Amino acid sequence: MHPYWLEKPLYSNAERQYYESAGKTITLVVADSIIKKTKRITKAMAEKEKENEHENQQNAPQSQQSSFLYLNPLTMEANFFLQTLEDVTRTHGNQLQLDPHLTKLLESIVVGIEKYLDGNPTYIGANETNGESGNTESGVNFVLPAELSKIKRTFSCTACTNRIVGTTINKAVAHLAERHPNPNPNNQPQNPTQHPTRQEKKRAQVEARAKLNIQLPKKAKSLILGEMTNVFKDKYPVADKLKVIPEYDQIEQDLCLLLAPVFPKQQMRVYKFGSRITGIGTRSSDLDVFVDIGNTFHIFEHRASKTTIAKLRTMRMKFVNSNHWRIISVIEQARVPIIKTCHLPTGIECDICLNSLGFCNTNLLKYLFELQPIAQYMCIYVKNWLERCKLTEQITTYSITLMLIYFLQLEKLLPPINVLQDDQGFKQMVGPWIVNFAQKSLSELGLQSVEVTVPVVKKYLKAFFSYYATFKYDRFLVCPYYGIPDVDLLLIEKSLPGRYSNYAQENPDCTLQLRKPMVVHDPIQLNHNVTKAVTRNGLQTFVDYCQQTSALLGDSGQNWRQRNA
């Protein structure tokens with residue numbers, strides 16, 4: 001009886017064909033260490049085979065000598081691989097590529113075999129086959145070469161446009177070693193891969209969006225084509241009334257009663273801000289609240305500190321255990337962390353934070369709305385439009401308000417913010433930012449008052465939407481701080497005052513984010529782009545909606561039903 005490991009001529013070709021059919025063509029080179037290991041292991045196993053063959057046959061239990069189907073890819077494939085590798089390396093040196101995945105697999109196999117050999121294993125021996133079926137009375141049942149030879153594999157090369165390179169691994173290796181000679185002998189149509197340029201990608205995106213033909217939502221169309229008088233009749237009185245209502249006093253008292261015992265040694269003050277206070281809110285709007293604990297009004301944090309987060313978590317526990325408040329959520333990861341809660345006695349939802357800049361921004365907007373009342377009317381309309389267009393996830397109410405203020409500055413109806421701050425003798429600071437301003441009248445500023453009528457508001461709204469439908473967002477930014485046209489993205493940082501450049505130099509990670517599809521500059525916190533979350537698709541949708549809205553607002557010659565049709 002001859003050992004199967006050493007006597008392979010009958011089965012090697014059949015096994016090779018079988019496993020070629022199950023494998024894939026791979027260009028590879030294995031490190032010399034792996035080759036040496038494989039040779040050493042093959043030699044060691046062959047010697048051990050001779051020593052233990054007789055003992056294995058005598059001591060093997062009857063259960064192990066039962067007939068079963070057996071295929072051994074490693075005995076032939078390892079030798080065949082080494083021979084092929086040596087031939088190719090001898091011809092082409094070290095110019096081949098290394099397949100790290102296969103290298104790891106082979107290394108793990110080698111290590112596994114070494115560990116297995118340490119356990120003094122017994123070896124499989126092949127008996128004489130019995131008949132055409134290839135069955136043996138004991139030992140191993142081999143699959144006959146005649147059966148395996150029926151399975152063939154056709155190798156093709158994707159680099160050569162799927163050229164068929166042969167039916168054996170030898171031809172596939174030779175083709176790869178010769179670096180794809182005659183790459184297209186089958187005369188197959190070639191489609192070489194071409195990477196589009198940036199301009200081509202941009203053009204393709206524009207064409208794709210044009211095909212989508214994004215249309216205004218129906219609710220937005222009904223707002224635009226409806227009677228504008230009804231909009232202000234419904235919205236303005238509510239928004240104006242919500243600036244001051246008795247419920248706010250109750251909320252402030254309950255907040256102090258709830259939180260003062262938690263911070264007994266620290267002074268506490270409550271500041272209300274947001275759309276309700278500026279005069280553009282609705283009954284469903286949240287009330288924004290800044291709680292000053294320990295006289296932190298003048299402290300600026302670009303990102304909340306650990307101390308601020310700890311305070312917020314302590315406050316959260318008090319809200320959870322209170323009968324007057326219901327926690328909705330706590331958002332710690334935001335630039336300004338907040339606690340969203342509902343004041344149960346009044347039913348008003350509140351966003352509670354520990355950052356004073358929101359209150360400062362609200363004071364500025366209140367002044368501008370009172371200075372030029374048409375700004376408040378327009379903002380109420382644009383805020384409602386934004387909600388009906390479902391754009392509020394990317395463009396906030398504060399962002400669209402700043403865009404409206406900038407537009408009215410260009411129309412010479414509102415003053416630039418830097419002028420108001422420069423005219424202020426005493427400068428109140430929050431960190432590096434000036435938060436107060438001179439509250440001058442229109443006559444002192446040399447501006448004209450605009451009569452608030454529906455035709456006038458409609459005229460300015462049409463111009464507002466038309467302006468932002470054609471605004472060059474890739475070159476300029478919306479900048480209420482300067483209030484002038486064509487503020488260049490590339491030059492803005494150099495033109496900002498020293499308080500910005502000093503802060504940016506000390507905090508290089510907190511500069512104004514200009515590499516965004518849309519930049520709307522906060523006029524107080526000069527390192528803040530309030531539309532940094534707007535994506536390219538979101539901006540394009542906004543531009544499309546502005547263009548369509550401007551066209552619909554200009555179509556005043558037909559009645560509502562005709563225009564809607």
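One is the number of the first residue; the rest follow in order along the sequence. Being a predicted model, the structure only gives us computed values, none of them experimental.
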Exceeds 12 heavy-atom contacts within 6.0 angstrom, atom NZ of K366: no
Beyond-backbone contact of L354 with I293, side-chain heavy atoms, under 4.5 angstrom: yes
Nearest atoms (heavy-atom pairs only) where G279 meets A239: O-CB, 3.3 Å
Exam field: side chain Y367 to backbone F437, donor-acceptor pair closer than 3.5 Å: no
Residues T282 and S285: side-chain donor-acceptor under 3.5 angstrom: yes
Atom NZ of K462: over 12 foreign heavy atoms under 6.0 Å: yes
Pairwise distance CD(E252) to SG(C350) - rounded to 0.5 angstrom: 11.5 Å
V262 side chain near M315 side chain, heavy-atom distance below 4.5 Å: no
Considering only distance and modelled atom types, tabulate donor-acceptor pairs under 3.5 Å from the side chains of residues 339-347, sequence neighbours left out.
from, atom 1, to, atom 2, distance (Å)
K340, NZ, D286, OD2, 3.4
K340, NZ, D351, OD1, 3.0
K340, NZ, D351, OD2, 3.3
T341, OG1, R326, O, 2.9
H343, ND1, T346, OG1, 2.8
H343, NE2, D254, OD2, 2.6
T346, OG1, H343, O, 3.4
T346, OG1, I348, N, 3.4

Parallel, tilted or perpendicular: ring planes of F476 versus F471, cut at 30 and 60 degrees: perpendicular
Distance in Å, D522 CG paired with L526 CG, rounded so as to fall on 0.5 Å steps: 7.5 Å
Stepwise side-chain contact (heavy atoms from CB on, under 4.5 Å) check, L255 with I352: CA-CA 10 Å; L255 265 178; I352 299 173; 3.8 Å; yes
Evaluation steps, ring-ring contact (aromatic ring centres under 6.0 Å, His included), between F232 and Y377: CA-CA 7 Å; F232 295 125; Y377 281 88; 5.4 Å; yes
From CG (L489) to CZ (R515), nearest 0.5 Å: 11.5 Å
C360 vs W433 side-chain heavy atoms within contact, under 4.5 Å: no
Inter-residue atom distance I251.CD1 - C256.SG, 0.5 Å rounding: 12.0 Å
N321, CG: over 12 other non-hydrogen atoms inside 6.0 angstrom: yes
From CD (E247) to CZ (R276), nearest 0.5 Å: 8.5 Å
Whether over 12 other heavy atoms sit under 6.0 Å from Q439 CD: yes
F369 side chain near T401 side chain, heavy-atom distance below 4.5 Å: yes
By ring pair (Phe, Tyr, Trp, His ring centres under 6.0 Å) - contacts of Y381 (at least two apart): none
CZ-NZ distance between R536 and K516, expressed to the nearest 0.5 angstrom: 10.5 Å
Q372 side chain vs L413 backbone, donor-acceptor pair below 3.5 Å: yes
Given W385, Y460, F542, F407, the one that forms ring-ring contact (aromatic ring centres under 6.0 Å, His included) with F465: W385
Heavy-atom closest pair, residues T531 and M518: OG1-O, 3.0 Å
Smallest separation among heavy atoms of D288 and G274, with atom names: OD2-CA, 3.3 Å
Whether Y248 side chain and K243 backbone form a donor-acceptor pair below 3.5 Å: no
Neighbour count above 12 (heavy atom, 6.0 Å) for R499 CZ: yes
Worked check of side-chain contact (heavy atoms from CB on, under 4.5 Å) between L258 and H324: CA-CA 9 Å; L258 179 70; H324 294 289; over 6 Å; no
L404 vs I400, side-chain contact (heavy atoms from CB on, under 4.5 Å): CA-CA, chis, key distance, verdict: CA-CA 6 Å; L404 178 65; I400 201 75; 6.0 Å; no
Side-chain donor/acceptor of T541 to backbone N/O of N537, under 3.5 Å: yes
Exam field: side chain S495 to backbone I492, donor-acceptor pair closer than 3.5 Å: yes
Side chain Q267, main chain G294, donor-acceptor under 3.5 Å: no
N/O donor-acceptor pair under 3.5 Å between N529 side chain and H521 backbone: no
Test side chain to side chain donor-acceptor pair (under 3.5 Å) applied to H302 and D509, N507, N527, the passing residue: N527
Close side-chain approach of Y473 to V519, heavy-atom, < 4.5 Å: no
E387 and K219 ion-paired at < 4.0 Å: no
Sole residue of R303, R313, E332, E301 in side chain to side chain donor-acceptor pair (under 3.5 Å) with T308: E301
Y481 side chain reached by Q421 side chain, heavy atoms, under 4.5 Å: yes
Residue pair S356 / D292, side-chain heavy-atom distance below 4.5 Å: no
N361 vs F273 side-chain heavy atoms within contact, under 4.5 Å: no
Nearest heavy atoms of L371 and K440, plus distance in Å: CD1-O, 3.4 Å
Main-chain N/O of L391 paired with Y545 side-chain donor or acceptor, under 3.5 Å: no
Donor-acceptor pair, side chain of T314 and main chain of A310, under 3.5 angstrom: yes
Modelled atom types, side-chain donor and acceptor of D544 and Q540, under 3.5 Å: yes
Heavy-atom closest contact (L447 atom, L414 atom, distance): CD1-C, 3.7 Å
Backbone of I299 reached by a side-chain donor or acceptor of T296 within 3.5 Å: no
Residue pair K383 / I280: nearest heavy atoms and the distance that separates them: CD-O, 3.4 Å
Stepwise side-chain contact (heavy atoms from CB on, under 4.5 Å) check, Q448 with K412: CA-CA 8 Å; Q448 295 294 322; K412 306 301 181 183; over 6 Å; no
